[in-house]
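All values below come from the heavy atoms of this structure, side chains included, with hydrogens, waters and symmetry mates left out.
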Amino acid sequence: MLGARCLLRALRSCSSAPCPRHKPSAKLSVRDALGAQNTSGERVKVQGWIRSVRSQKEVLFLHINDGSSLESLQVVADSSFDSKELAFGSSVEVQGQLVKSPSKRQNVELKAEKIEVVGNCDAKAFPFKYKERHPLEYLRQYPHLRCRTNVLGSILRVRSEATAAIHSFFKDSGFVHIHTPIITSNDCEGAGELFRVEPSSKVKVPEENFFNVPAFLTVSGQLHLEVMSGAFTQVFTFGPTFRAENSQSRRHLAEFYMVEAEISFVESLQDLMQVMERLFKTATMLVLSNCPEDIELCHRFIAPGQKIRTYAKKQLFNWGVDLHTEHEKFLVKHCGNIPVFVVNYPLALKPFYMRDNEDGPQHTVAAVDLLVPGVGELFGGSLREERYHFLEQRLARSGLTEAYQWYLDLRRFGSVPHGGFGMGFERYLQCILGIDNIKDVIPFPRFTHSCLL
């Protein structure tokens with residue numbers, strides 16, 4: 001086996017690219033081309049899709065986009081390049097000189113010397129039309145094509161930037177990234193809304209589990225993070241989770257992404273809330289800084305269309321009854337439409353792993369939710385019950401002692417006070433973009449009666 005140093009030397013010395021005889025045109029993304037400082041006629045190559053075509057008597061104008069930015073690059077070509085193949089949606093490769101544009105609408109433009117159509121597009125049959133603003137509901141019918149629209153392009157760039165911002169926050173804060181399993185034998189939430197995992201009928205062995213125990217798609221990585229928090233003081237995971245909820249509402253998906261963290265040696269909800277708040281603020285500031293045009297597009301054309309709902313105040317809250325979406329939104333509105341922390345929920349409403357506050361007749365657990373405008377619950381977290389006998393009693397009352405003996409073992413061998421939280425990533429995107437339907441902030445939405453592609 002090669003040592004690390006030998007491997008690095010091998011990587012530095014090897015190259016599959018032959019030395020060119022002539023200097024080729026520099027390949028640029030549309031974003032890099034638009035931001036280029038040197039516009040003295042440098043020869044470049046840009047690849048992308050045509051967003052618009054305008055033909056004049058002697059000049060042809062194309063706008064090319066490759067998904068790297070909301071703004072497209074204007075290509076100016078001689079009218080001799082005009083062709084029926086140069087249509088809205090066609091993919092092209094353009095080579096030419098990057099020059100300063102005389103127009104005030106853009107700083108640079110590409111003076112074409114060569115235009116090659118890579119893939120034709122039948123504009124008449126294409127479900128999206130040039131200059132037509134299609135509703136998000138219409139776009140959902142075409143999950144294989146909707147990413148080519150401006151609005152989905154903006155949403156997905158923001159999603160990518162938010163993913164990087166969240167990872168950056170945890171890395172800078174000293175967290176260790178853990179890949180928790182997608183297939184699990186645990187039901188973390190205890191809600192029973194699970195997808196069972198079984199082999200296909202061709203390889204299924206009658207009356208026998210593939211894993212020897214029933215297996216399911218994960219609803220949360222929390223319990224696995226708790227295992228890791230016995231060796232690492234700060235851990236997080238970011239991945240898909242699954243809920244078999246029979247709902248087609250604008251709030252629910254069968255597959256969605258969760259950001260989850262677990263922190264050892266935490267003894268107060270306040271400490272946990274500070275991490276939640278810093279994550280929310282830091283990630284959002286980075287996204288707003290790096291995607292201003294994309295954010296503005298969503299706020300200008302999507303958020304204004306949201307319906308503002310109001311709720312009657314009477315009989316909204318009764319102690320011991322769980323909060324629903326309308327309650328959460330009322331609380332946010334009542335507090336001035338700002339994020340609101342709600343703490344210390346009734347013990348009877350929460351799972352076995354939340355720490356008992358031992359607070360008399362109300363009997364609460366150390367749980368916290370962060371509610372935000374337009375969405376309701378965004379974060380949910382708690383201190384975990386680290387005391388062996390308390391946890392043993394809770395599991396016994398629920399009939400879960402045998403299934404969660406390993407979880408009790410964590411309290412027997414070097415247990416520490418700890419806590420954690422989870423944030424629904426799609427709900428976070430809804431919050432910062434003002435998008436009403438959760439199906440519009442994920443590339444391929446899965447929900448009951450719908451699994452397209």
Side-chain angles (χ1 to χ4, degrees), residues 25-134 136 138-139 142 145-158 160 291-298 300-302:
S25 299
K27 182 180 175 181
L28 292 182
S29 68
V30 167
R31 180 175 183 171
D32 289 341
L34 291 169
Q37 300 297 318
N38 181 15
T39 56
S40 56
E42 179 189 4
R43 280 182 166 76
V44 301
K45 176 169 66 177
V46 174
Q47 299 162 323
W49 292 266
I50 297 176
R51 287 293 175 86
S52 71
V53 184
R54 182 162 52 92
S55 180
Q56 296 184 354
K57 188 174 181 180
E58 296 181 353
V59 183
L60 175 68
F61 295 96
L62 304 175
H63 281 91
I64 308 298
N65 193 285
D66 63 355
S68 60
S69 72
L70 175 61
E71 186 181 355
S72 296
L73 175 65
Q74 178 168 279
V75 175
V76 182
D78 188 271
S79 59
S80 61
F81 282 104
D82 198 4
S83 163
K84 290 182 179 180
E85 293 182 330
L86 294 177
F88 173 64
S90 295
S91 56
V92 294
E93 178 178 291
V94 183
Q95 296 185 45
Q97 296 181 38
L98 199 61
V99 298
K100 185 172 177 61
S101 176
S103 172
K104 294 181 180 180
R105 294 183 179 181
Q106 64 271 328
N107 294 323
V108 299
E109 61 187 25
L110 182 57
K111 189 177 179 181
E113 296 172 348
K114 179 183 178 182
I115 301 177
E116 178 184 351
V117 176
V118 179
N120 295 321
C121 177
D122 184 348
K124 291 183 179 179
F126 196 51
F128 311 136
K129 305 305 177 186
Y130 172 57
K131 284 189 176 181
E132 189 171 336
R133 192 178 299 152
H134 301 283
L136 292 173
Y138 175 79
L139 300 183
Y142 304 95
L145 297 173
R146 68 174 186 163
C147 58
R148 304 188 190 191
T149 62
N150 279 340
V151 64
L152 259 295
S154 287
I155 291 169
L156 294 177
R157 276 188 296 273
V158 170
S160 175
C291 301
E293 298 88 358
D294 294 314
I295 298 280
E296 183 183 0
L297 175 77
C298 293
R300 181 183 298 177
F301 297 117
I302 301 174

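The side chain to side chain donor-acceptor pair (under 3.5 Å) check on Ser68 picks up Asp66, with sequence neighbours excluded. Scored by the salt bridge (Lys or Arg N to Asp or Glu O under 4.0 Å) test, Glu113 finds Arg43 as partners (sequence neighbours excluded).
Annotation: the span from Arg300 atom CZ to Ile295 atom CD1 amounts to 13.5 Å, rounded to 0.5 Å. Rounding to the nearest 0.5 angstrom, the gap separating the CG atom in Leu73 from the CG atom in Leu98 is 7.0 Å. Rounded to the nearest 0.5 Å, atoms CD (Glu116) and CD (Gln47) are 9.0 Å apart. Taking CD of Glu109 as the start and CD of Gln97 as the end, the distance is 11.5 Å to the nearest 0.5 Å. Rounding to the nearest 0.5 angstrom, the gap separating the OH atom in Tyr142 from the NE2 atom in His134 is 9.0 Å. Interatomic distance, CD1 of Ile50 versus CD1 of Ile115, reported as 8.0 Å (0.5 Å rounding).
A cation-pi arrangement is absent between Arg148 and Phe128, since the terminal nitrogen or guanidinium carbon is not both under 6.0 Å from the aromatic centre and inside a 45° cone about the axis.
A donor-acceptor contact shorter than 3.5 Å is absent between the side chain of Asn150 and the backbone of Ser154. Between the Lys129 side chain and the Lys124 main chain, a donor and an acceptor come within less than 3.5 Å of each other. Panel note: side chain Ser55, backbone Leu60; no donor-acceptor pair is recorded below 3.5 Å.
Side-chain atoms of Leu145 and Phe126, non-hydrogen and from C-beta on, do get closer than 4.5 Å to each other. Side-chain contact between Leu70 and Arg157: present, with at least one pair of heavy atoms (C-beta onward) separated by less than 4.5 Å. Side-chain contact between Ile64 and Trp49: absent, with no pair of heavy atoms (C-beta onward) separated by less than 4.5 Å. No side-chain heavy atom of Leu297 sits less than 4.5 Å from a side-chain heavy atom of Ile302.
Closest non-hydrogen pair, Ala77 versus Ala112, comes out as CB-CB, 3.8 Å. In plain terms, the two heavy atoms of Val75 and Val94 that are nearest each other are CG1-CG1, 3.9 Å. Summarising the geometry of Leu34 relative to Ser69, their closest heavy-atom pair is CD1-OG, 3.8 Å, with the distance given to 0.1 Å. Listed here is the closest heavy atom pair of Val158 and Cys291: CG2-CB, 4.1 Å. In plain terms, the two heavy atoms of Phe88 and Arg51 that are nearest each other are CD1-O, 3.2 Å. Looking at every heavy atom in both residues, Leu156 comes nearest to Cys147 through CD1-CB, 4.1 Å.
No more than 12 heavy atoms of other residues, nucleotides or ligands shown are found within 6.0 angstrom of CD on Glu58.
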_Apply side chain to side chain contact (heavy atoms under 4.5 Å, CB included) to residues Gln106 and Glu71 and explain how you reach the verdict._
CA-CA 9 Å; Gln106 64 271 328; Glu71 186 181 355; 4.1 Å; yes
